[in-house]
K.L.:
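Take a look at the following structure, please.
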Amino acid sequence: MPRRNRRWLWAGRGLFGVIVAGLVGYLAVVGLDRADKLGSVIGSVVAVIALIAPYLLPAPTDVPDRVEDSGKARATGGGQANTGVQVAGDDRPARVTGSGDAVADGPGSVANTGVQRHPRP
């Protein structure tokens with residue numbers, strides 16, 4: 001499946017515009033009576049497809065929680081420093097790339113530069 005970047009969005013919009021323009025042109029050529037009948041049929045078919053599409057298309061994959069190129073963090077006096085990611089539960093994907101320096105200074109201080117998992121509430 002293509003990523004949703006700006007180029008794919010504009011390609012989809014352009015294709016949609018071409019389809020709508022072609023449909024309007026076709027319906028104008030065949031006349032109002034036949035265009036009305038054809039439009040009703042097309043609308044019904046599109047409505048049924050829209051209703052069943054979520055069941056036919058693949059489910060979206062889990063997008064990982066991501067941290068990239070984070071800065072420095074310092075924890076003192078029992079605090080927490082995190083330049084990575086904190087995730088609830090152990091089934092969510094998570095990715096840390098180029099995390100910064102996390103420094104814990106003092107009793108009870110915690111530093112994390114990677115993935116820190118917590119139980120779900």
Side-chain angles (χ1 to χ4, degrees):
M1 182 193 275
R3 297 191 68 153
R4 291 184 182 199
N5 61 24
R6 193 176 292 269
R7 183 176 39 172
W8 280 108
L9 288 174
W10 279 108
R13 291 173 184 161
L15 180 62
F16 177 74
V18 169
I19 290 170
V20 169
L23 182 61
V24 168
Y26 174 76
L27 296 178
V29 169
V30 298
L32 289 178
D33 184 48
R34 188 159 182 214
D36 180 41
K37 293 175 184 174
L38 187 59
S40 296
V41 170
I42 290 173
S44 298
V45 169
V46 168
V48 169
I49 290 172
L51 287 173
I52 64 171
Y55 301 104
L56 299 177
L57 297 175
T61 59
D62 282 341
V63 176
D65 293 325
R66 296 174 59 163
V67 174
E68 294 181 3
D69 301 325
S70 60
K72 296 180 181 181
R74 182 179 191 94
T76 59
Q80 291 186 343
N82 185 8
T83 62
V85 62
Q86 293 181 349
V87 181
D90 59 354
D91 59 342
R92 282 191 55 85
R95 182 170 42 182
V96 178
T97 306
S99 65
D101 296 331
V103 178
D105 188 20
S109 299
V110 178
N112 175 37
T113 62
V115 177
Q116 189 173 22
R117 298 192 182 276
H118 297 286
R120 290 189 181 196

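In this text, all values refer to a predicted model and were calculated from it rather than measured experimentally.
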K.L.:
Considering residues at least two apart in sequence or located in another chain, which fulfil the salt bridge (charged side-chain N to carboxylate O under 4.0 Å, His left out) criterion with Asp69?
P.N.:
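Applying salt bridge (charged side-chain N to carboxylate O under 4.0 Å, His left out) to Asp69 gives none.
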K.L.:
Per the side chain to side chain donor-acceptor pair (under 3.5 Å) rule, what does the pair list look like for residues 98-109, sequence neighbours excluded?
P.N.:
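As it turns out, the side chain to side chain donor-acceptor pair (under 3.5 Å) pairs with a partner in residues 98-109, which skip direct neighbours, are Arg74-Asp105.
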K.L.:
Is there a continuous path of hydrophobic side-chain contacts, each under 4.5 Å between heavy atoms, that joins Tyr26 to Ile42?
P.N.:
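Yes.
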K.L.:
Heavy atoms only: give me the nearest Ser70-Gly100 pair and the separation to one decimal.
P.N.:
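Closest approach of Ser70 to Gly100: OG-N, 3.0 Å.
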K.L.:
Could you give me the CA-CA distance, side-chain angles and deciding distance for Ile49 and Val45, then say whether side chain to side chain contact (heavy atoms under 4.5 Å, CB included) is met?
P.N.:
CA-CA 6 Å; Ile49 290 172; Val45 169; 3.8 Å; yes
K.L.:
Please name the pair of heavy atoms, one in Pro54 and one in Ala50, separated by the smallest distance, quoted to 0.1 Å.
P.N.:
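Between these two residues, the closest heavy atoms are CD-O, 3.5 Å.
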K.L.:
Taking side chain to side chain contact (heavy atoms under 4.5 Å, CB included) as the test, write out the residues that go with Ala35, two or more places apart.
P.N.:
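Residues passing side chain to side chain contact (heavy atoms under 4.5 Å, CB included) with Ala35: Leu27, Val30.
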K.L.:
More than 12 heavy atoms of other residues, nucleotides or ligands under 6.0 Å from CZ of Arg117: yes or no?
P.N.:
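Yes - once you tally the heavy atoms of other residues, nucleotides and ligands closer than 6.0 Å, there are more than 12.
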K.L.:
Would one find more than 12 heavy atoms of other residues, nucleotides or ligands at under 6.0 Å from atom CG of Leu51?
P.N.:
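Yes, CG of Leu51 has more than 12 neighbouring heavy atoms, counting only those of other groups under 6.0 Å.
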K.L.:
In terms of hydrophobic clusters joined by side-chain contacts under 4.5 Å, are Phe16 and Val24 together?
P.N.:
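Cluster IDs for Phe16 and Val24 match.
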K.L.:
Of all the heavy-atom pairs spanning Val115 and Val96, show the shortest one and how long it is.
P.N.:
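Nearest heavy atoms, Val115 then Val96: CG2-CG2, 3.9 Å.
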K.L.:
Taking all heavy atoms of Val67 and all of Thr83, pick out the closest pair and write down the distance.
P.N.:
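That closest heavy-atom pairing would be CG1-O, 3.5 Å.
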K.L.:
Near Arg13 CZ, under 6.0 Å, is it more than 12 heavy atoms from other residues, nucleotides or ligands?
P.N.:
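Buried by this count: over 12 neighbours within 6.0 Å.
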